[in-house]
Amino acid sequence: MRDFFISAESEGTMDYKKMIVAALKPALGEYLSDSEIYGKIEIPKESKMGDYAFPTFTLAKVLRKAPQMIANEVIEKIDQSQFEKVEAAGPYINFFLDKTAFGAEVLETILAQKENYGSNDEGNNGNVPIDMSSPNIAKPISMGHLRSTVIGNSLALIMNKNGYNPIKINHLGDWGTQFGKLITAYKLWGSESEVKADPINKLLEYYVRFHKEDVEKPELDDIARDWFKKLEDGDEEATNLWKWFREESLKSFKQIYDKLGITFDSYKGEAFYNDKMDEIVQLLEDKGLLKESQGAQVVDLEKYNLNPALIKKTDGATLYITRDLAAALYRYRTYNFVQSLYVVGAEQTNHFKQLKAVLKEMGFEWSDDIHHIQFGLITLNGKKLSTRSGRVVLLDEVLNDAVDLAQKQINEKNPELEGADEVAKEVGVGAVIFHDLKNERTNSFDFNLEEVVRFEGETGPYVQYSRARAESILRKAGEIAEFDQLEISDSNAWDTLKALQEFPNIVKRAADQYEPSVIAKYALGLAKAFNKYYANSKILTDDNERTARLALVKSVSIVLEEALRLLGVKSPDEM
RNA sequence: GGUUCGGUAGCUCAGCUGGAUAGAGCAUCCGCCUUCUAAGCGGACGGUCGAGAGUUCGAAUCUCUCCCGAAUCACCA
């Protein structure tokens, strides 16, 4: 087994817990191993109680003494020279770091590494395809898609920060029986010019009308089925219409992705796998996994405690999972991934369990590297969003509202701001993205426009604003010849320095848990610490710590910008 | 009914592998712009951590039972 100290050392940043283990070892070495000591060290809630603490409860039994007494005895025995002080507080041994040395080291590291601060190469450049966004052609992008898009994008950035090579795949919903309906509707009521003018809305209108009218004219369903059949058989008219709908839809999707500042590495959607499913069926057959059940072809998954996976319908048509099997295999062959992520809503949990189970049954060990990154539902007035019932919240509208509001705020608070339009976009869109990412992925939330576009409190604009203030100070400070003498004696700076030091661990945790919210929460914490410092200490005073304070401000700006970047949020220098 | 995820302050949520008086933001009320951007800072108010039992020196956190809510459970994606 690899010694944990080696890995701790290889991180490149100072591990203060390690320092504490070294200090405690002479006193506790005969009762606890290094890693046991390391594991017990905790961070007190309040900084009054020190920066790290070691609870002595566990030793009480072995030593048959009261924890308080043990704490008192231990501090007598250990070398305290590395710390500002070490004190026994009841059953705890509290360690106070040498603040100036700690601060100087953190600042020096950040200023040297700049935006690379917090990066690591844990991923070894391994490929990680990320299935994300994946809207359906001819349907508008709603708040529901925002989650997958924004979480996927952030995870791509986080994985990259951890040394992986993410590949963002927009698995478009560009195939299925709905295209038969769409073509039917278009042929009956549509026109080329209408679609060109406003593709998504018009196509949606046709689709909705189809569903309205087919209640009374069931023959429409037959026509639609025929058209889809034609499409499957490669009929020229059907194929051309399909291609055209797809292109027009994609164009309007891209406008939204532009607003969000998100790009993709692949737009291979469901249709791409049309000719790749036969192989899957064949493989399943060869391995004897396919069974007939009620006229359909299924893979039994009882040993996984799952329902059978339906591979082929009674009529011989394939299903969603068949396509996803083909996609999974294609991605494995194409990217030889170390992990394959699917940022898809929690309602599809069962599907992904089945997908992984079938792949496992097929003998593909890499099934274990597939992770369903699920997220909670966005509801409207407590109900699930649904295009057909008209209960939709269009993402584009939300983004526009947010940008308008940001514009209004700028007019009020900073009317002289140059490039106000651009800043309004960055702030408005940033608010929406941040709102989506600040809470744990799996939480569901009910859509509330006021909350989404809020700029005060724990929001994206709060973080942006904090950094803009930092930048403003730096502008006023002018050129700094050289950052040396980085010791800061001001205790108001302490929380900020500690937060800065935490960033590399936060980056790792976010990747381990596939949780952008870890970064968002961190950004809020750092911004908060900095605002407090800003409010209580004058930075641009001419004394011998001025450079050190500016180094702190610069470091805060660097790390906040980087944290926001990992969320896909921009950092305006002024706002 | 089975499975999964939730239930923490009026509202929205934190709380890392169990640890020192349970934390934020919003809302409400009160202070702070002759100092670096008030999209800010400080303070007040506010909680039987769904209920009960268990493990433990110690439980919001782990185990079990129950209550409540959501998602899902083969021919949609």
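Protein chains get the first letters and strands the later ones, always in sequence-line order, with residue 1 at the start of each.
For A/T314 against B/C75, a side-chain N or O and a base N or O form a donor-acceptor pair under 3.5 Å.
Residues A/Y534 and A/I93 both approach RNA chain B. Their nearest nucleotides, taken by heavy-atom distance, put A/I93 toward the 5′ side. With the nearest nucleotide of RNA chain B identified for both A/F445 and A/T541, A/F445 has the one nearer the 5' end.
For the P atoms, the distance from B/G18 to B/A70 is 32 Å, rounded to whole Å.
Whole-Å rounding puts the A/E440 CD to B/G25 P distance at 20 Å. For the pair A/D446 CG and B/G69 C1', the interatomic distance rounds to 14 Å; values are reported in whole Å.
Among the protein residues, A/A296 comes within range of the nucleic acid bases, having at least one heavy atom under 4.0 Å from a base atom. Residue A/E347 is in sugar-phosphate contact alone, with no base atom involved, counting any heavy-atom pair closer than 4.0 Å across all strands shown. Among the protein residues, A/L540 comes within range of the nucleic acid bases, having at least one heavy atom under 4.0 Å from a base atom. Base contact: A/S537 has a heavy atom under 4.0 Å from a base atom. A/Q348 comes within contact range of at least one nucleobase, with a heavy-atom separation under 4.0 Å. Across all strands shown, A/S444 has heavy atoms under 4.0 Å from sugar-phosphate atoms exclusively, and none from any base.
Nucleotide B/G40 has B/C32 as its partner under the Watson-Crick or G-U criteria, with both atom distances under 3.5 Å. In this structure B/U72 sits in a base pair with B/G2, meeting the Watson-Crick or G-U test at under 3.5 Å. Base pairing annotation: B/U63 forms a Watson-Crick or G-U wobble pair with B/A53, both donor-acceptor distances under 3.5 Å.
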Pick out the pairs of N or O atoms, protein on one side and nucleotides 57-64 of chain B on the other, that lie under 3.5 Å.
{"unit_1": "B/C57", "atom_1": "OP1", "unit_2": "A/K61", "atom_2": "NZ", "d": "2.7"}

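Taking a centre distance below 5.5 Å and an interplanar angle below 30 degrees as the stacking criterion, A/Y320 stacks against the six-membered base ring of B/A77.
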